[in-house]
Amino acid sequence: MAKTQEHLIGLLLGAEGDWPRAFETLAARLGVLTGPDGASHQVNTERVTIEPFNLRDKPRHDLVIDRLAYWYYHPREWLKKVALMDDVYLLNSPFTFQSMEKHSAYCALLRLGMHVPETVLVPYKNPIDNVRWAYTAERYNKSFDLDQIAEEIGYPLFMKPFDGGGWRGVSQVKNVDDLHSAYDDSGEMLMHLQASVKDFEVFARALTIGPETMVMKFQPDEPMHNRYAVQHGFLSEGVGTEAVTIAQTVNAFFRWEFNSCEMLVKDGVVYPIDYANACPDVAVTSLHYYFPWAMKALIKWSVFCVATGRKARTQVDTDPWFSVADDADLDYGGKLSAYQGLADAHFDTDRYREFCDAALPHIDEMVLEWVDSDDFRSLLSETIQTTYPKHEWDKFEGHFGGLTRMWVKDEQSRLGSGSSAVDETVVSGPAPAVTTD
């Protein structure tokens with residue numbers, strides 16, 4: 001009998017506790033898996049520590065899920081080392097972290113023909129910390145009229161950093177006073193001015209993990225616990241498919257496999273507004289109803305990568321994408337179809353589905369059983385108690401408990417193991433958004 005192959009998945013973490021615990025619990029419950037080729041696999045997890053490393057050190061990890069190195073440079077350099085020297089699989093390429101910014105994603109999507117709103121990059125408001133700044137600015141910085149740029153874009157507009165996430169430094173600019181106030185406050189941040197999509201119908205956020213995408217209705221003006229509205233069919237089939245394709249296109253293009261994307265929809269047109277997030281939100285107190293899907297997708301993709309020996313491609317190869325973009329014989333729909341084909345090829349989607357069917361046939365039932373268990377309820381309660389003040393604990397126990405119980409009922413119904421009894425008074429609408437399934 002062939003020996004079971006053991007694989008170690010490392011979690012490189014910041015301040016998170018909920019989803020790592022969920023991931024570790026589910027990975028431990030997988031047991032020994034049998035792939036389509038008959039080989040047996042065992043997956044283990046470990047939280048990665050930060051310490052001095054010799055460049056000749058050999059890592060023990062087969063794959064690392066990174067949630068830290070987008071701002072902490074020491075582990076970023078360790079990731080680069082283990083990718084270059086040791087073929088450790090990384091869900092997001094550390095070599096394109098500089099592209100983990102709104103600016104590069106906008107440029108790529110514009111070249112690919114997507115409907116990015118009018119966007120202008122303006123120089124720093126305040127001098128950067130460099131002794132050569134004064135000479136360079138005096139000699140080469142061209143004066144510009146900020147008011148005129150804003151007028152040409154049109155009010156209201158948004159001012160936001162060219163990089164980063166978490167809505168850091170984002171301002172809605174309604175008039176000239178807002179414009180100068182936001183620019184003064186930007187300091188050393190490099191800022192975009194971007195046209196708004198007036199009277200848009202839907203704000204959507206797509207979370208993509210490998211070839212899996214969930215498009216969720218997003219309510220940015222709500223508190224975080226209410227931002228993801230649980231609602232069926234809020235996008236038409238065509239717009240939903242386009243949203244998935246755009247999200248998977250930008251991920252495959254930049255070699256990102258764990259990323260969230262934001263878009264506005266108006267009159268059937270999808271407008272990408274933020275397509276780069278090095279640390280997408282997967283907290284149970286944010287995703288609630290969608291949290292089990294996210295954990296299941298992350299487990300499935302990670303296991304597929306290590307068990308099949310998938311080779312990471314960390315560098316951007318623009319040629320196949322730009323060949324489609326520059327093909328005058330293809331209309332927008334034809335290009336989207338071609339981009340989806342390139343994304344499917346990058347993610348090896350057919351092989352992934354085959355692997356999951358063979359090696360993980362009961363993962364739906366396993367995740368359902370766990371979410372309906374005391375262990376999950378304990379995780380949820382502990383997360384609530386470390387996130388919110390004590391006087392709000394009962395409120396959020398009811399809020400998140402109701403949403404996750406709703407998911408349990410819906411999943412039981414989907415799997416044919418029970419009847420759905422969705423309480424629509426708990427949330428703003430019924431059930432999940434468009435997926436790739």
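Please read these numbers as outputs of a predicted model, since none were measured by experiment. For the numbers below, each heavy atom of this structure counts, side chains included, while hydrogens, waters and symmetry mates do not.
Taking 4.5 Å as the limit, some side-chain heavy atom of Arg60 sits within range of a side-chain heavy atom of Glu46. No side-chain heavy atom of Leu63 sits under 4.5 Å from any side-chain heavy atom of Val88. Counting only heavy atoms from C-beta outward, the side chains of His61 and Ile9 never approach each other to under 4.5 Å. Residues Leu298 and Phe23 have side chains in contact (heavy-atom distance under 4.5 Å, counting atoms from C-beta outward). At a threshold of 4.5 Å between non-hydrogen side-chain atoms, the residues Ser196 and Leu157 do not count as touching. Looking only at side-chain heavy atoms (C-beta outward), Val316 and Trp321 stay at 4.5 Å or farther from each other. Between Leu342 and Thr249 the shortest side-chain heavy-atom distance does not fall below 4.5 Å. In this structure, the side chains of Met263 and Phe203 stay at 4.5 Å or more apart for every pair of heavy atoms.
Here Asn44 pairs with Glu6 under the side chain to side chain donor-acceptor pair (under 3.5 Å) rule; sequence neighbours left out. Every residue two or more places apart in sequence or in another chain that forms a salt bridge (charged side-chain N to carboxylate O under 4.0 Å, His left out) with Asp375 is listed here: Arg21. Checked against side chain to side chain donor-acceptor pair (under 3.5 Å), His115 has no partners two or more places apart in sequence or in another chain.
Trp407 and Tyr289 make their closest contact through CD1-O, 3.2 Å (heavy atoms, listed as atom of the first residue, atom of the second, distance).
Electrostatic pairing of Asp350 and Arg353 does not count as a salt bridge here, judged by no charged N lying under 4.0 Å from a carboxylate O. Between Arg351 and Glu354 there is no salt bridge, since no side-chain N of the basic residue sits under 4.0 Å from a carboxylate O of the acidic one. A salt bridge does not link Asp57 with Lys81: every distance from a Lys NZ or Arg NE/NH1/NH2 to an Asp or Glu carboxylate oxygen is 4.0 Å or more. In summary, Asp274 and Arg205 do not engage in a salt bridge, as defined by a charged side-chain N under 4.0 Å from a carboxylate O. Ion pair Asp327/Lys335 not flagged as a salt bridge, since none of the NZ, NE, NH1 or NH2 atoms sits closer than 4.0 Å to an Asp/Glu carboxylate oxygen.
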Point to revise | ring pair (Phe, Tyr, Trp, His ring centres under 6.0 Å) assessment of Phe53 paired with His74 | key: CA-CA 10 Å; Phe53 63 91; His74 183 279; 5.5 Å; yes

Exercise for review: Please test Trp256 against Thr96 for side-chain hydrogen bond (donor to acceptor under 3.5 Å, both in side chains), starting from the C-alpha separation and ending with a verdict.
Suggested key: CA-CA 8 Å; Trp256 307 333; Thr96 62; 2.9 Å; yes

Practice item. Go through the steps to decide whether Val82 and Val64 satisfy the test side chain to side chain contact (heavy atoms under 4.5 Å, CB included), and finish with yes or no. Key: CA-CA 10 Å; Val82 299; Val64 174; 5.5 Å; no

Exercise for review: Decide yes or no on side-chain hydrogen bond (donor to acceptor under 3.5 Å, both in side chains) for Glu257 and Tyr89, but give the supporting numbers first.
Suggested key: CA-CA 11 Å; Glu257 299 177 358; Tyr89 197 95; 2.7 Å; yes

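Centroid-to-centroid, the aromatic rings of His103 and His192 come within less than 6.0 Å. Ring to ring, His41 and Phe304 are not that close: their centroids are 6.0 angstrom or more apart.
Between Tyr228 and Glu222, the side chains place no donor N or O within less than 3.5 Å of an acceptor N or O (distance only, hydrogens not considered). Checking Glu242 against Tyr332 by side-chain atom types alone, a donor-acceptor pair falls below 3.5 Å. A donor atom on one side chain and an acceptor atom on the other are not found under 3.5 Å apart for Gln194 and Glu118. A donor atom on one side chain and an acceptor atom on the other are not found under 3.5 Å apart for Gln385 and Ser381. A side-chain donor from one of Thr245 and Gln340 sits under 3.5 Å from a side-chain acceptor of the other. Side chains of Ser260 and Asn277: a donor on one and an acceptor on the other come within 3.5 Å. In this model, a donor atom of one side chain and an acceptor atom of the other lie less than 3.5 Å apart for Glu212 and Tyr352.
In this structure, Phe253 and Phe322 have tilted ring planes: the angle between them lies in the 30° to 60° band. Ring planes of Phe396 and His399: perpendicular class, angle over 60° (limits at 30 and 60°).
At least one donor-acceptor pair closer than 3.5 Å links the side chain of Ser93 to the backbone N or O of Thr314.
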